[in-house]
Amino acid sequence: DLQARTARLTGCAALISAGRTSEAIAEFSLVGAISRTDPITAKVHQRAVSAVIAKASGNRSKAVREIRTGLNELVRHQAQFGSIDLQTAGAIHGRRLVELDGELALSTGRPDAVFNAIERGRAISTRLSPVTPVSAESAQLLAELRLLTEDARTLSGDPDAADQVAALRRRIRVLHDQLSSISWQVLGDRAANRVVTMSQTREVVEDLGKVLIVLWESPTGLSAVRVGGCTPRIFSLATDQDVGELIRRVQADLNILAYPSLPQEMRAVATASLRRSLNALDETLIAPRQLSDKPLVIIPTARLAALPWGCLPSLRGRPVEVAPTASLWLGGTLAADRTAGELVVDSFAGPGLESSEQESAAVARVWQSHGVPATNHGCRHATLSRVADALSSATIVHVAAHGQHDRQSPLFSSLQLADGPMFAYEIDPEHMAPHIILSACELGQNSIRAGEERLGLMSVLLQMDAQCVVAGVAHVSDETACRVMGDYHRRLAEGTDSASALAASTVASDDAFVPFTCFGSSWRATGPAVG
């Protein structure tokens with residue numbers, strides 16, 4: 001009986017916590033073997049309890065074996081689903097196994113053991129390939145969702161329409177649930193990408209002359225593993241500062257400063273607050289680490305993923321790449337080395353942005369001046385179908401359009417186009433442009449699920465094999481985006497890689513704080529027209 005087994009396993013865990021190991025071992029012997037037909041929750045629960053008992057008994061090898069087996073079983077379970085939503089949601093079942101894996105690794109004091117354990121835990125879902133739901137089943141619901149989303153956006157500023165907006169949003173949530181349930185029925189390909197080790201990662205990091213930092217929440221607080229530039233090492237970032245609260249302040253101040261008509265007094269106050277928060281984060285995360293001046297790759301915790309790293313004083317002007325896992329970063333880096341063929345650039349201007357037409361046209365002109373086929377899609381022509389076609393066929397896709405990160409339903413984060421919003425849910429993963437730029441709003445944001453799983457438009461694009469996504473983690477003024485992006489594409493077209501180009505363009509800007517981030521792996525244009 002499954003309920004009786006679950007109760008007995010819970011009792012075993014309680015006995016271990018009380019230090020009664022021999023009793024826990026005796027009780028566990030009555031649980032019985034795992035069956036092939038057991039639900040995944042029962043399998044990983046039993047593996048976790050078995051690992052805890054083995055660890056308490058001093059049998060490290062058995063504990064490691066149970067953890068690895070349980071994680072592999074979880075990945076095989078997740079690989080049945082094509083839905084990103086279900087893949088990430090499934091990661092919660094392995095949370096205890098991931099924690100145990102980290103504890104065992106940390107007890108060795110070896111950077112490679114810690115690095116590999118962190119990577120195994122974080123790669124549970126991001127190593128799987130998503131599948132697009134069948135369009136025939138979702139088309140009508142998506143059409144209604146687009147219409148209602150537009151209505152809610154139009155009416156949201158009218159206080160007299162508050163009840164109507166609330167009703168629209170309730171219906172929108174119902175549609176989110178219905179569309180998600182359709183995606184849950186799509187089968188995965190049952191294949192999973194490999195998880196990289198520290199030795200594999202270190203070799204590439206050293207060859208490229210970079211430094212890679214993996215951050216994680218250890219039992220003593222925020223900690224990090226450094227790879228590249230010297231012997232790998234573990235160090236603690238323990239601090240009295242509330243890092244999460246500092247990041248929230250940074251984003252709030254950046255959002256305020258993005259308003260061009262902000263009174264000077266308010267601008268001065270927000271700027272001073274932003275500097276204080278960025279300095280505190282810099283002193284906690286970067287400055288004391290003596291990371292030299294090499295390009296930096298950051299594998300952050302979920303709460304640190306939304307930090308505008310390039311705004312930190314120690315990192316201003318330094319190329320920085322931010323990736324959810326080392327496996328994703330390394331895969332994108334190696335894929336970029338193999339990328340060849342004709343460059344094709346599509347640039348889009350979304351509605352409602354003062355400088356989007358100017359920005360889109362400037363991007364296209366930069367590449368055209370280098371002999372690269374580049375199309376400028378103005379506001380009237382920046383449609384759902386054209387953006388979808390570009391994402392599946394172009395090399396570089398630049399979108400200067402309003403966007404919205406939906407914290408409750410991150411797969412319905414969207415880009416505002418001429419004929420309505422385009423949702424992350426409906427992006428086709430079969431073919432993906434290697435480099436995508438989202439130059440407006442805060443589309444670099446993610447929502448954090450249990451188990452440190454992250455979802456949002458940017459993370460969906462990376463999971464669908466975009467090698468590099470440049471996006472903001474806070475609002476950016478139209479004027480700043482236009483100026484920075486024109487310079488950014490000029491540097492790209494001259495042969496500079498995306499992380500270096502972004503760092504140089506933000507420094508060259510008149511603005512002290514530009515919250516664009518290079519997500520994934522730095523990308524470089526190749527071909528006779530470049531340089």
Side-chain angles (χ1 to χ4, degrees), residues 213 215-217 221-224 236-289 296 298-318 320 322 324 403-408 410 413 438 440-449 452 454-459 470-478 480-481 484 502-503 506-507 509-519:
I213 299 290
L215 296 144
W216 89 99
E217 300 283 356
L222 195 62
S223 298
S236 174
L237 301 173
T239 175
D240 293 332
Q241 294 281 0
D242 185 338
V243 172
E245 178 58 29
L246 286 172
I247 293 173
R248 285 189 288 273
R249 291 179 190 173
V250 164
Q251 290 173 343
D253 289 334
L254 285 168
N255 288 341
I256 289 171
L257 291 171
Y259 287 99
S261 58
L262 188 69
Q264 285 304 314
E265 296 82 359
M266 291 184 64
R267 185 172 296 277
V269 170
T271 298
S273 171
L274 179 57
R275 288 190 190 281
R276 285 194 299 271
S277 298
L278 288 172
N279 287 336
L281 285 165
D282 196 49
E283 285 298 320
T284 298
L285 302 172
I286 300 297
R289 307 283 78 84
L296 190 61
I298 300 173
I299 314 297
T301 63
R303 65 173 174 159
L304 291 174
L307 176 63
W309 292 92
C311 293
L312 298 182
S314 294
L315 299 183
R316 183 166 169 78
R318 182 188 297 195
V320 177
V322 180
Q404 179 178 2
H405 175 66
D406 192 318
R407 297 186 182 279
Q408 288 184 291
S413 298
L438 308 173
C441 298
E442 51 179 3
L443 291 169
Q445 290 277 4
N446 284 304
S447 290
I448 304 170
R449 298 269 181 102
E452 283 219 340
R454 314 162 202 181
L455 275 182
L457 181 58
M458 178 273 298
S459 61
V470 167
V473 295
H475 293 308
V476 185
S477 73
D478 295 356
T480 296
V484 171
L502 185 63
T506 53
V507 168
S509 168
D510 294 336
D511 297 82
F513 312 106
V514 181
F516 287 126
T517 300
C518 179
F519 292 103

Taking all heavy atoms of [X] and all of [Y], pick out the closest pair and write down the distance.
| X | Y | result |
| --- | --- | --- |
| A481 | F516 | CB-CZ, 4.2 Å |
| F519 | A471 | CE1-O, 3.9 Å |
| W216 | T301 | CA-CG2, 3.5 Å |
| S314 | I286 | CB-CG2, 3.6 Å |
| V470 | C518 | CG2-CA, 4.2 Å |
| I213 | A224 | CG2-CB, 4.0 Å |

Could you check whether any side-chain heavy atom of [X] comes within less than 4.5 Å of a side-chain heavy atom of [Y], counting everything from C-beta outward?
| X | Y | value |
| --- | --- | --- |
| L274 | L254 | yes |
| L307 | L246 | no |
| L304 | L222 | yes |

Inter-residue atom distance [X].[atom1] - [Y].[atom2], 0.5 Å rounding:
| X | Y | atom1 | atom2 | result |
| --- | --- | --- | --- | --- |
| L237 | L285 | CG | CG | 6.0 Å |
| M266 | I256 | CE | CD1 | 6.0 Å |
| F513 | T480 | CZ | OG1 | 12.0 Å |
| Q251 | S277 | CD | OG | 11.0 Å |
| D282 | R316 | CG | CZ | 12.5 Å |
| Y259 | H475 | OH | NE2 | 6.0 Å |

Is [X] reaching over with its side chain to a backbone N or O of [Y], donor-acceptor style, under 3.5 angstrom?
| X | Y | result |
| --- | --- | --- |
| S273 | V269 | no |
| R318 | A503 | no |
| D242 | G244 | yes |
| N255 | A474 | no |
| S509 | D511 | yes |

* **Candidate pair L215 and I298, rule side-chain contact (heavy atoms from CB on, under 4.5 Å), full reasoning** => CA-CA 8 Å; L215 296 144; I298 300 173; 3.9 Å; yes
